[in-house]
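A quick write-up on the structure given underneath.
Order of the sequence lines fixes the chain letters, A, B, ..., with proteins taken first and strands second; residue numbering starts at 1 for each chain.
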Amino acid sequence: MQNTDNTGGPDNRILFLLDKLYARLNVSQREAVRAVNGPLLVLAGAGSGKTTVLVNRVYHIINFGDICEARPNFGDPLFAREYEKAKNGDIPQTKEFLKRIAVNPANPENVLCITFTNKAAGEFKERLGKMLGKDAGGIWAGTFHSICARILRGHIDKIGFSNSFTIYDADDSKKLISQIIKDLNIDEKFLPAKAAAQAISSSKENRVTPEEMLTSSRDARQTLIARIYDEYMSRLKKASALDFDDIILSALVLFESHPRLLEYYRDKFDYILVDEYQDTNPSQNDLVLMLGKGKNNVCVVGDDDQSIYSFRGATVGNILNFDKSFPKLKTIKLEQNYRSTQNILSVANALIGNNKGRKGKNLWTSGGEGEKIIARRLYTQAEEAEFICGEIMRLSALGTPLGDIAVLYRVNAISNAIESSFIKNRLPYKIFGGIRFYERKEIKDIVAYLSLISNPADDIRLRRIINTPKRQIGEATLEEMTAISLKNRLPLLEVAKNSSSYPTLARACAKLERFCGLIGDLSDFARQNTINAIINEVITRTGYLKMLTDAKETDREEMVREFISAGLIYEESSENPTLAGFLEEISLVSDIDDYDEGSQSVSLMTVHSAKGLEFPVVFISAFEEGVFPSAMSVGEGNLEEERRLAYVAITRAKKKLYLTHTDSRTLYGFTSPSRPSSFLEEIPQNLLETYEPESPRGRRNYTGSPRAVYSSSGRGGEAYGKKGKSAPGGGNKYSFGGEPPKKPGGVDFSPGEYVEHKYFGKGKVVSFEKMGQDALIEVDFENGQVKKLMASFAKLEKSKKP
DNA sequence: TATCGTAGTGTTTTT
DNA sequence: CACTACGATA
């Protein structure tokens, strides 16, 4: 016998040391860390510590390589002695010993880690940094888009784009498509730009070319879309612009047309790791296969039960059929959960068990059962919101930090009702989602100037800002310029530059030349100044800041200042800051306002945005048929995805979970009766604590009109949440507190009076209109906002003239 | 050309 | 309800 068995499995002594090193991981996690050789699929349930696995795996790859294949000579007495020392020694000693017998440990720059979000990439890099020190810096870690962009920056000229290409976001590409529809004389009513954009994006996600789309087209509309798609691609190329889908597609095209380049990257990346694989679309899957097929050391991590982005082209098939691409695929399930109570997990397991297309997992925890899940029915959404706030105040009083609590909903529209209760109760909250920083008009405008400076062929950005601020360059002029640009195959900026030579532009000539002069000056300026200086120059020279100041757009001004500091941060954090680099970063980084764990406020967000997060206390609101599951998805036969979404929502909760639903729901201005989500019936009733409103429905007046909550203005917090108050006209239906009676007499104002509001400050009453028991009051606040408020809600205090 | 008023239209959205 | 996108006016 040799010193090891010859079955090809790892040596037991090495395993012993690895177990010691990874003592904090469970058996499956350890297996997933050390199985570095060959393709691996890790099915990681929610809260199963998959990031820990990924980080440790990279650590393992870089330090020990494929150490499980090591066959060191334990027969050598000297070596055996060292092994004994490591076996009985401390962790650093163990590590040193293992490093000595490592098998082909990888260089950091030969490891590729792909995530979906910048946030995940950032977290990943941070944890790698802690574990690996300086080695972490060399690793290629980033999102699909940033990795591809990095490759494309060096090589996209090989397929006819400039290496300093521009990235278009969804808004830009929709504008371009809209322009094409106009230019092709298509009626937007027949084919809205949005629909075309959607169809084109979906084709790109599935790697369908315009030609393929045209040949497979079955109706006039489809043919039209194919033509638009074709034209769209050629215009993007002319502008040297890529949309989000193109960033992936172009990498594929590049590799397919340049096999030696592909070979280079295949050779470079010894190990590939991909997180959240259930969210990949076919293009991204192809990219992983393309790069991974050389060495086959591909590890993909994901959870088929958490696939919730099919509407964006993601397909669970990529994870379910991964073994078709890699027949020797090894699969490891991580089912032990370190996040939630067993009750929460059982609810999640029961629900997701009703889905058919899945690999099948059963989450469990070694922690306790925990509390039951609270299912609460309420009559109206106002009461639902009050219930949620009441519970939050109760928990808060018992010591739960507000930052530990989240309210989740299926659609953003639900947040309104909940938000108003938070305001009313003066509970600090933060709404996530909605308009993101880089999608704000003013930010996009400044970015458009910067883009045009760095890429003069960017017609879409030129269109955006040529008349912002107003330069008397109107629709007619732009139309004429477009015609010339199409005829002579020139970018719009070139047309503007030569406007004197086109008779049709004679009238606008001076204005156009002035605009070109401005862009030219800014380009010159940009060549020899810092990002910060460039941004400042842009906002002053273009008159943009003045425009905001003159219009008293203080909010927007503030956003522009925020943008200036974003530029500064980029400059300070980047080793080689360039304008193009800054523009790329802001195209690929969607939000600067991320979820902050230390925040002392309740988080309100959609279930989609909550993915990857966890909270000790979670409320899932509007758990109603038609909302969750959404009526649209049910109609399209996507019930399984809705169920996965509910599964994601439930598994966010660590300790306490509430499911609330109402009898009536107002959405998009229409109020309709609602019934509990069918998902509620799929949950074992013994895990639920169900609360019904105590008083029968007819006894109360559910007009939905807001009721007074504070009888006196001023100090907050005392009026709601105290026990024992009866609701008007009925018994106390909450076990958590009722509504105090209102005093209509306390809210009486007349126009011209000065008032003070807790949040908005001082202001002057513009109008006052009685509405039943309440009144609608319009106030012009000193901060420039004019607000219409329900007098009883507003908690206004009379004030002296400022 | 700019602005104002109204008709239309609404999931989810890591990049 | 709330927001945008477009068409009629000044």
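- Each of A:Glu624, A:Glu383, A:Glu384 was evaluated against A:Thr660; a single residue qualifies, A:Glu384, per the side-chain hydrogen bond (donor to acceptor under 3.5 Å, both in side chains) test.
- Using bins of under 30°, 30° to 60° and over 60° for the plane-to-plane angle, the ring pair A:Phe582/A:Tyr570 lands in the tilted bin.
- Residues that satisfy the salt bridge (charged side-chain N to carboxylate O under 4.0 Å, His left out) test with A:Lys611, not counting sequence neighbours, are A:Glu276, A:Asp279.
- Base contact: A:Glu642 has a heavy atom under 4.0 Å from a base atom.
- Distance from the side chain of A:His608 is smallest to B:dT12 among B:dT12, B:dT15, B:dG10.
- Among the heavy atoms of the strands lying under 4.0 Å from A:Ser630 is at least one base atom, whether or not backbone atoms are also near.
- The salt bridge (charged side-chain N to carboxylate O under 4.0 Å, His left out) check on A:Glu126 picks up A:Lys130, with sequence neighbours excluded.
- Applying the ring-ring contact (aromatic ring centres under 6.0 Å, His included) rule to A:Tyr429 yields the partners A:Phe422; only residues at least two apart in sequence or on another chain are considered.
- Atom CG of A:Asp171 and atom P of B:dT15 are 16 Å apart (whole Å).
- A:Lys444 and A:Asp172 are joined by a salt bridge, as a carboxylate oxygen and a charged side-chain nitrogen come within less than 4.0 angstrom of each other.
- In the model, A:Ser201 has a side-chain atom that pairs as donor or acceptor with a side-chain atom of A:Asp245 under 3.5 Å.
- The separation between A:Phe116 atom CZ and B:dT14 atom C1' is 8 Å, rounded to whole Å.
- Rounded to whole Å, the distance from CG on A:Asp243 to P on B:dT15 is 16 Å.
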Pull out every protein N or O sitting under 3.5 Å from an N or O of nucleotides 1-9 of chain B, one pair per line with the distance.
unit_1 : atom_1 : unit_2   : atom_2 : d
B:dT1  : OP1    : A:Ala476 : N      : 3.2

Determine, for nucleotides 4-10 of chain C in 5'-to-3' order, which nucleotides have protein heavy atoms under 4.0 Å from the base (write B), from only the sugar-phosphate (write S), or from neither (write -). -------
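- Ranked by how close their nearest DNA chain B nucleotide is to the 5' end, A:Lys194 and A:Asp245 are led by A:Lys194.
- The interatomic distance linking A:Glu419 (CD) with C:dC1 (P) rounds to 17 Å, in whole Å.
- For A:Phe615, the ring-ring contact (aromatic ring centres under 6.0 Å, His included) partners are A:Tyr595, not counting sequence neighbours.
- A:Lys182 meets the salt bridge (charged side-chain N to carboxylate O under 4.0 Å, His left out) test with no other residue; sequence neighbours excluded.
- With no hydrogens or angles considered, no side-chain donor-acceptor pair links A:Asn163 and A:Arg153 at under 3.5 Å.
- The residues A:Asp305 and A:Arg358 are annotated as salt-bridged, a charged nitrogen and a carboxylate oxygen being separated by less than 4.0 angstrom.
- Residues from residues 300-316 of chain A that place a heavy atom under 4.0 Å from any atom of DNA chain B, listed by number: A:Tyr309, A:Phe311, A:Arg312.
- Residue pairs meeting the ring-ring contact (aromatic ring centres under 6.0 Å, His included) criterion with at least one partner in residues 628-648 of chain A, sequence neighbours excluded, are A:Phe623-A:Phe628.
- Listed by chain and residue number, A:Arg440, A:Arg556 satisfy the salt bridge (charged side-chain N to carboxylate O under 4.0 Å, His left out) test with A:Glu442 (two or more places apart in sequence, or in another chain).
- Within the structure, ring-ring contact (aromatic ring centres under 6.0 Å, His included) pairs that include any residue of residues 163-208 of chain A do not occur (at least two apart or interchain).
- Between the C1' atom of B:dT14 and the CZ atom of A:Arg436 lies a distance of 8 Å, rounded to the nearest Å.
- Rounded to whole Å, the distance from CD on A:Glu276 to C1' on B:dT15 is 14 Å.
- Heavy atoms of A:Ser609 sit under 4.0 angstrom from primed sugar atoms or phosphate atoms, though from no base atom.
- As a whole-Å value, the separation of A:Phe124 CZ from B:dT14 C1' is 17 Å.
- One interatomic measurement links the two molecules: CD of A:Gln284 to C1' of B:dT15, which rounds to 9 Å at whole-angstrom precision.
- For the contact set between residues 407-416 of chain A and DNA chain B, defined by any heavy atom under 4.0 Å, the members are A:Arg410, A:Val411, A:Asn412.
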